[in-house]
Amino acid sequence: MLVLIVDDDEVDFLSIKRILLRAFSTDQVEVHWVKDPEAIDLVAQLQRYDICFIDQNIGHLSGIDIIRQVTSRGNITPLILLTGVDDPRIDTKACEYGASDYLIKDQLTAQLLNRVVRFSLAKKDHAKKLTKLAYTDSLTGLANRGKFDQELAFSLATANRTGNYLALLLIDLDNFKVINDRYGRPAGDAVLVELAERLQLAVRKSDIVARLGGDEFAVVFNCYKHSQDISELKDKVLAVFEQPIMFGYQPLYCQASIGVSVVTPGQISESIEEVLREADNALYQIKHKGRNACLFFNPKMKDSLAKAAELERALSCAIANNELYLNYQPKVSVADHSVCGVEVLLRWRTGSGERIGPDVFIPIAERSRCILEIGRWVIEQSCLQLRTWLDQDLSIVPVAINISPLQIEEPGFTEHIINTLAQYNIAPELLELEITETALMENISQVTDALAQLSDIGCRWSIDDFGTGYSSLSRLNDLPIDKIKIDRSFVENIETSDSCKKICNIIISLANTLDLTVVVEGIEAESQILLLPLSKRDELQGFHFSRPLSAQDLITYLGSRKKIPRASG
Ligand code: C2E
Ligand code: MG
Ligand code: MG
């Protein structure tokens, strides 16, 4: 045990040392002396010691003030105050300022010192365990968010002082929910534990790995001399997700999106919030671009993020300001090219007259969750429009609405649809719901329930953008799905790319096997249709037949076509 005595009086120091050596055997204890605490960095020194005795009167300094100072600077070594007199005021203050105990010099005995030291050390041990618990993620043993915030602040200060590079990586698992839903929580836990271990092995001891919550991790690369080092380390972190994780005999594949913020030596005192925001922004962008990849923040992102924030604000009052409206794009049947349905496509004309496409504003609406309100509005407006057409006794076809995964997750989603159909007296068979392949595979339990409930009453389901996500064939077979929409990126290149043509063929034969209707979207030319081995019940959609139209233009379009099927609802 290493003991420090802070006392300006050598006689007192020797006397305490003697009693200590009697209290413990000489090979158990080593005693050091500091005469002038102002001459050293006491907080730094204290880290080496197991316990420290501080005299109350050290020249013009008071022991209590010293204790207060070192405690406020993060000292955790037990401090015992020594005084010449028994004064209850000193006793209270010593305790308040962080001393572990308070002893009167001329009452010291070996027995008393032995007890006080043992109790103080036990208390410190307990405090250490509590601190560890408070700062550790219990599942993975990694630092938790509280600890991570502290460490990041410390790393940032060090990087600023030493002029080194620092990089913060925010890691978000792409398909963790699928693993949890499909294989159960123990599998999810196993994935988190394994990834935590791999991440720790991929970085240096001086770097920080933390679990920020759920399926989010963070890594801080500390003190690198060259930006190249960071790029190499980033590759090491990406490699962590390449190999499957074995859960029993089941290999689990878990991919990640990573947003990185780099603090360069010239960047003076960036705040923690700024570094976190930058990495978060990069993560957000990469999540929307394609996932399973890493993106470094760059200042240009700030502009696009500022624009997104402005759109987010404007979007929140777009419904109230009547800026949203719907277009309808016809779908035609392969058999005779008669119109067999329309897809509802949302449009936004802002107050200033700017038209913004759904590819831009839907992700923003999803991030701010105002897609929930907008989604409800789309359902209600579509049903209202359908009712108007039915009342006018117009030949009408099923209407397909795009549904965001967030809508399905929201409690009351199916009830809202059922109630809206009832309110406008619309047969459920006239409503088709489009959900993307990724959403179908990600939110397993909610999607399964919603699909089952709505298909039971007669609504149809189609999988949008098929071929861009990762589908489980057994799940496709198990769910009450009616149609698959081949993503338009494949059709776009079907005439020039052999692999796109092959993918289309595979999807069509898969749909045939599973007895599903195929909808091919993005048809811009007759020649594209000729390359597709479709059956009569399949459907076509694209500019070749019609662009998305207003409700009024759709009526004119329908009137201009020869074969118009009548709806039954
Ligand atoms: P989507 O559901 O795959 O819709 C088809 C998109 O392809 C539409 O783009 C449509 O205008 C476009 N398109 C159709 N035929 C052709 C063609 O021949 N060539 C080309 N180049 N494009 C064609 P749009 O209207 O910009 O919508 C984009 C996406 O926004 C939609 O993709 C859908 O995912 C989303 N979206 C649109 N409306 C809604 C909505 O009400 N709710 C939700 N959650 N998402 C919506
Ligand atoms: Mg769609
Ligand atoms: Mg699509």
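Numbering of ligands and ligand atoms starts at 1, following listing order.
- A salt bridge links Asp391 with Arg387; the closest basic N to acidic carboxylate O contact falls under 4.0 Å.
- Of all heavy-atom pairs between Tyr249 and Pro251, the closest is O-CD, 3.3 Å.
- One option in Asp359, Val360, Leu346, Val519 has a heavy atom closer to atom 29 (C) of ligand 1 than any other, and that option is Asp359.
- The Val378 neighbourhood of ligand 1 comprises atoms 41 (O), with distances under 4.0 Å to a heavy atom of that residue.
- Residues Asp465 and Lys485 are not paired through a salt bridge, judged by the lack of any N-O separation under 4.0 Å between the basic side chain and the carboxylate.
- Contact check on Glu432 versus Lys483 returns a salt bridge, with a Lys/Arg side-chain nitrogen under 4.0 Å from an Asp/Glu carboxylate oxygen.
- Checking Glu366 against Ser404 by side-chain atom types alone, a donor-acceptor pair falls below 3.5 Å.
- In the candidate list Leu406, Asn402, Ile435, Asn402 is nearest to atom 34 (O) of ligand 1, counting heavy atoms.
- Listed by number with element, the atoms of ligand 1 under 4.0 Å from a non-hydrogen atom of Pro548 are 11 (O).
- A salt bridge links Glu410 and Arg376; the closest N-O separation between the charged side-chain nitrogens and carboxylate oxygens is under 4.0 Å.
- Comment: Glu409 engages Lys177 in a salt bridge, judged by a side-chain N to carboxylate O separation of less than 4.0 angstrom.
- In this structure, Leu192 and Arg211 have side chains that are in contact, with non-hydrogen atoms separated by less than 4.5 Å.
- Some N or O of Gln329 is nearer than 3.5 Å to an N or O of ligand 1, by distance alone.
- With a 4.0 Å heavy-atom cut-off, ligand 1 is reached by no atom of Arg547.
- One finds a salt bridge joining Glu194 and Arg198 here, because a Lys/Arg side-chain nitrogen approaches an Asp/Glu carboxylate oxygen to under 4.0 Å.
- No side-chain N or O of Thr517 forms a donor-acceptor pair with one of Asp538 less than 3.5 Å apart.
- Near Glu521, meaning under 4.0 Å from any of its heavy atoms, are these atoms of ligand 1: 3 (O), 5 (C).
- Close approach to Asp465 involves these atoms of ligand 1, each under 4.0 Å from a residue heavy atom: 3 (O).
- The name of the N, O or S atom in Glu343 nearest to the Mg ion (ligand 2) is OE2.
- Looking at Gln541 against ligand 1, nothing comes within 4.0 Å, counting heavy atoms.
- Nearest residue to atom 30 (O) of ligand 1 from Pro405, Ser489, Pro358 is Pro358 (criterion: closest heavy atom).
- Seen from the Mg ion (ligand 2), atom OD2 of Asp464 and atom OD1 of Asn402 lie 90° apart in angle, a value rounded to 10°.
- Assignment of Glu366 to the shell around ligand 1 is not supported, since no heavy atom sits closer than 4.0 Å.
- At under 3.5 Å, not a single nitrogen or oxygen of Val344, backbone or side chain, sits near a nitrogen or oxygen of ligand 1.
- A cation-pi arrangement, defined by a distance under 6.0 Å to the six-membered ring centre and an angle within 45 degrees of its axis, is present between Arg547 and Phe543.
- When each atom of ligand 1 is checked for a heavy atom of Ile523 under 4.0 Å away, the hits are 18 (O).
- Using a cut-off of 4.0 Å between Lys/Arg side-chain N and Asp/Glu carboxylate O, Asp137 and Arg145 are scored as not salt-bridged.
- Each of Asp336, Asp482, Asp515 was checked for a salt bridge (Lys or Arg N to Asp or Glu O under 4.0 Å) with Arg537, and the lone residue meeting it is Asp515.
- The closest approach between a heavy atom of Gly357 and any atom of ligand 1 is not below 4.0 Å.
- Inclusion of Glu521 in the first shell of the Mg ion (ligand 2) is not supported: no N, O or S atom falls under 2.8 Å.
- No other N/O/S atom of Glu434 lies as close to the Mg ion (ligand 2) as OE1 does.
- Ligand 1 lies within reach of Glu524, whose nearest heavy atom is under 4.0 Å from it.
- Under the 4.0 angstrom criterion for non-hydrogen atoms, Glu492 is not in contact with ligand 1.
- Within ligand 1, the atoms closer than 4.0 Å to a non-hydrogen atom of Arg347 are 11 (O), 25 (O), numbered from 1 in the order shown.
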